[in-house]
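One structure below.
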Amino acid sequence: MSQAERRQPSPSASNAEQLRRDLSSAQLRALQTLEQFKWELKFVRRPLFLEPVPVMVDRDGLKYAVIRADGSVDDAPRLKLRG
């Protein structure tokens with residue numbers, strides 16, 4: 001039995017707003033700073049009963065980082081990503 005794909009495509013203008021809606025003000029400030037350096041918000045993980053975790057990808061698509069709830073950036077997160 002196959003499951004339906006739950007991942008969303010890369011954010012468009014309206015989808016980008018949806019991704020940002022649950023982020024804290026500290027996360028939004030960090031996000032804006034990273035965007036100035038050409039990092040892109042790819043997706044936001046929303047673990048049950050935990051703060052949302054925005055995942056950013058660099059301009060080359062080779063590195064990724066997460067923005068913690070306090071606005072700090074973790075450039076070596078322990079995430080398992082699917083290809």
Side-chain angles (χ1 to χ4, degrees):
M1 175 165 57
S2 65
Q3 293 181 327
E5 180 65 45
R6 297 186 315 167
R7 292 181 282 185
Q8 300 294 319
S10 293
S12 63
S14 62
N15 196 14
E17 291 173 15
Q18 289 178 347
L19 289 176
R20 296 169 189 253
R21 73 173 185 259
D22 295 330
L23 303 184
S24 69
S25 60
Q27 286 174 318
L28 289 171
R29 284 192 303 274
L31 174 65
Q32 290 171 346
T33 300
L34 286 171
E35 286 176 334
Q36 291 177 0
F37 292 97
K38 306 296 185 206
W39 284 70
E40 178 185 356
L41 177 61
K42 274 300 195 186
F43 59 91
V44 177
R45 285 195 169 171
R46 290 182 171 84
L48 195 59
F49 305 116
L50 297 174
E51 296 289 326
V53 180
V55 178
M56 306 288 295
V57 177
D58 74 339
R59 71 177 93 193
D60 299 323
L62 301 174
K63 298 178 188 175
Y64 65 96
V66 299
I67 304 173
R68 302 283 179 216
D70 64 356
S72 62
V73 177
D74 183 359
D75 63 347
R78 297 175 58 131
L79 293 176
K80 291 184 180 181
L81 300 177
R82 293 185 276 180

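Since this is a predicted model, take the numbers as computed values, not measurements. FYI, side chains are in, hydrogens and waters are out, and symmetry mates aren't considered; it's all heavy atoms of this structure.
- A donor-acceptor pair is defined here as one N or O able to donate and one able to accept, closer than 3.5 Å; such a pair exists between the side chain of Q27 and the backbone of S24.
- Across all their heavy atoms, V55 and L41 have their closest contact at O-CD1, 3.7 Å.
- Atom CZ of R20 and atom CD of Q32 lie 7.0 Å apart (nearest 0.5 Å).
- Distance check: Y64 OH to D58 CG gives 12.0 Å after rounding to the nearest 0.5 Å.
- A distance of 6.5 Å separates NZ of K63 from CH2 of W39, quoted to the nearest 0.5 Å.
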Which side-chain N or O atoms in residues 69-76 pair as donor and acceptor under 3.5 Å with protein atoms at least two apart or in another chain?
residue : atom : partner : partner atom : Å
D70     : OD1  : S72     : N            : 2.9
D70     : OD1  : S72     : OG           : 2.7
D74     : OD1  : A76     : N            : 3.0
D74     : OD2  : R68     : NH2          : 2.4

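- Contact check for L23 versus P54: side-chain heavy atoms found under the 4.5 Å cut-off.
- Taken from CG in L28 to CD1 in I67, the straight-line distance is 8.5 Å, to the nearest 0.5 Å.
- Rounding to the nearest 0.5 Å places CD of E40 at 12.5 Å from CZ of R59.
- The salt bridge (Lys or Arg N to Asp or Glu O under 4.0 Å) contacts involving residues 48-57 comprise nothing, where partners must be two or more places apart or lie in separate chains.
- R46 is linked by a salt bridge (charged side-chain N to carboxylate O under 4.0 Å, His left out) to D22, counting only residues two or more places apart in sequence or in another chain.
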